[in-house]
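Labels below follow one simple rule: chain letters A, B, ... track the order of the sequence lines, proteins then strands, and each chain is numbered from 1.
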Amino acid sequence: MAEVKLIGTLASPFVCRVIWALKIKGIPYEFIEEDLSNKSPLLLKYNPVHKKIPVLLHGEKPVCESMIIVEYIDETWQQNSLLPNDPYERALARFWVKFAEDKGVSVWRMFRAKGEELEKTMKETEEMLQTVEEHGLGEKKFFGGDNIGMADIAFGSVIYWLEVIEEIVGERVVFEAHKFPRLHAWIKNFKQVPIIQEHLPDWDWMVAFGKRRREAVLASA
Amino acid sequence: MANTEQVKLLGFWVSPFVRRVEWALKLKGVDYEYIEEDIFNKTSLLMELNPVHKKVPVLVHGQKAIAESFVILEFIDETWKQCPLMPQDPYERAMTRFWTKFAEEKIFYAAWNALCSLGEEKEKAIKLTVEAIEKIEEELKGKQFFGGESIGYLDIAIGWMSYWLPVWEEVGSMKIVDPLQFPATNSWMNKFLKHPMIKENLPPRDEMIIYFQNRSKELASKPHEWFRTP
């Protein structure tokens, strides 16, 4: 099998998704740390369209966009499937992956916002959480059923990073347990999955790093 | 394996998202019942079948409802195996998904924003759309269709460009797909429109002009975000 490399940064929720997929499948890979303030020729060569991380390199072939990479990993290495077999169940999983991608942006926006803009992004995040709470999980332990699947990976990074970002921003907490009991139970279970537990960026490190980043972002805005 | 459960499609006559799904169903020869939905006066049926987004298209297969056009396309491709739309190879599939996402975000929404904006914002949106089409032009070099010799998933995903974009260019007095700048894209647009399953399945152009004239005026006068739904 050709060599696998992952270009990324450890603080990125998008890179994390790919790491989780690789670890679940037991695929060895080389991690290439990227300095986003000084993008490498390697990154520019393999993601000329977006110049963003993560980029997966399988042999010489680059794959970009985190959930597209995750799906590529799932189709290339068949063990520990991240999608069910039934087309309708697969469609539901893809629907929620897309939802996480489209609506998860409010969480990233929270990180970069203050004042009125921050309040707006917090409301949008609340709406996103309400929808998932009401329609997403049903009575299942995970989106993937008894085991985590692609939608869990997509949301896992959104919600874990939401928790970190709320800590960093220090305003009112949007993701309250009494408002979102299903989601709270789900993220708790998600973080307890051994592979995830082992590969969740350290909370204290993320908060400290994130606080510095946020200060810099708000100062330059 | 013949799939005999009834297929219904909730749609809106002018929606390019709905047409994508119809093109896929037609190419595969799948019979379906089309149900027109007035998106400005949504029915309880739509709210029930797509409670999360309350949007069309929604595909109903037996008792199952599926929403989001690209999710529906993959469902169709996996359920009805004839005339496969996605390539077989995982890397080619990843590339197909990559360009689908790119085209939707960087061409579709930029062009839509160009149509619904004025002045500097409009100019900026046109510029971004053109830059994005440059990448697609590269992808098409040496190919009849994105799918190779025949229409595939990516052609269906970007097919709206061949018909909706010229309408938007006319309504918005914009020049976006210059045939001299984009010969491959232009050639692809013409070939795509000539395909029997496509040309028989397009909304009437004159009605589209009126619809988008009204819609773009309405949206241009409102305060807006960068991406808004057509």
Side-chain angles (χ1 to χ4, degrees), chain A residues 2 46-50 52 55-78 83-103 105-106 109 117 120-121 124 127-128 130-136 150-151, chain B residues 1 3 5 47-55 58-81 86-107 109 131-132 134-136 138-139 225-227 229:
Chain A
Y46 287 119
N47 191 359
V49 174
H50 298 298
K52 285 182 177 178
V55 178
L56 188 86
L57 278 174
H58 189 199
E60 284 294 302
K61 296 183 293 193
V63 186
C64 307
E65 300 290 291
S66 63
M67 290 318 295
I68 292 176
I69 298 172
V70 170
E71 197 149 10
Y72 172 77
I73 289 169
D74 198 42
E75 291 181 352
T76 304
W77 291 276
Q78 326 250 276
L83 278 178
N85 285 323
D86 171 66
Y88 178 61
E89 300 290 322
R90 292 161 75 87
L92 287 179
R94 289 193 173 113
F95 176 88
W96 289 108
V97 167
K98 185 163 204 299
F99 189 88
E101 293 275 82
D102 292 343
K103 304 293 181 185
V105 291
S106 62
R109 281 185 193 140
E117 179 65 23
K120 183 166 168 242
T121 58
E124 283 168 357
E127 278 165 23
M128 182 259 295
Q130 257 151 19
T131 304
V132 186
E133 179 76 18
E134 201 182 320
H135 298 285
M150 211 166 282
Chain B
M1 182 188 82
N3 216 300
E5 284 179 292
M47 307 298 216
E48 187 196 314
L49 293 175
N50 188 2
V52 171
H53 298 299
K54 306 172 178 59
K55 286 181 177 177
V58 182
L59 188 82
V60 183
H61 185 219
Q63 296 299 315
K64 302 171 279 202
I66 301 125
E68 296 291 297
S69 63
F70 294 135
V71 175
I72 298 171
L73 287 185
E74 293 221 40
F75 173 79
I76 289 170
D77 209 32
E78 290 176 358
T79 304
W80 292 277
K81 308 278 196 198
M86 283 284 268
Q88 287 303 302
D89 171 67
Y91 187 71
E92 310 255 331
R93 292 160 73 87
M95 289 298 101
T96 298
R97 291 180 181 126
F98 176 86
W99 288 112
T100 296
K101 187 169 198 261
F102 176 83
E104 195 78 341
E105 287 172 5
K106 306 293 182 188
I107 304 177
Y109 282 110
E131 278 170 12
E134 282 166 14
K135 310 268 192 308
I136 296 292
E138 274 304 301
E139 275 307 296
E225 308 237 314
W226 180 246
F227 291 161
T229 41

Residue selection (most heavy-atom pairs with chain A, distance under 4.5 Å) from B/Phe102, B/Phe75, B/Phe98, B/Tyr91: B/Tyr91
Part of A/Arg94 within contact of chain B (heavy atom distance under 4.5 Å): both
Heavy-atom side-chain proximity of B/Trp99 to A/Val49 below 4.5 angstrom: yes
Under 4.5 Å from any heavy atom of chain A - which part of B/Lys135: side chain
B/Glu104: partners by side chain to side chain contact (heavy atoms under 4.5 Å, CB included), with sequence neighbours left out: B/Phe17, B/Arg20, B/Phe70, B/Phe108, B/Tyr109
Interchain contact, A/Lys61 with chain B, by part (heavy-atom threshold 4.5 Å): both
Counterpart residues, salt bridge (charged side-chain N to carboxylate O under 4.0 Å, His left out), relative to B/Glu48 (two or more places apart): none
N-O pairing of B/Arg97 and B/Glu74 below 4.0 Å: yes
Which portion of A/Glu101 sits near chain B, non-hydrogen atoms under 4.5 angstrom: side chain
Most contacts with chain B, counted as non-hydrogen pairs under 4.5 angstrom, among A/His135, A/Met67, A/Glu134: A/His135
Aromatic ring pairing A/Tyr72/A/His58, orientation class (parallel under 30°, perpendicular over 60°, tilted between): perpendicular
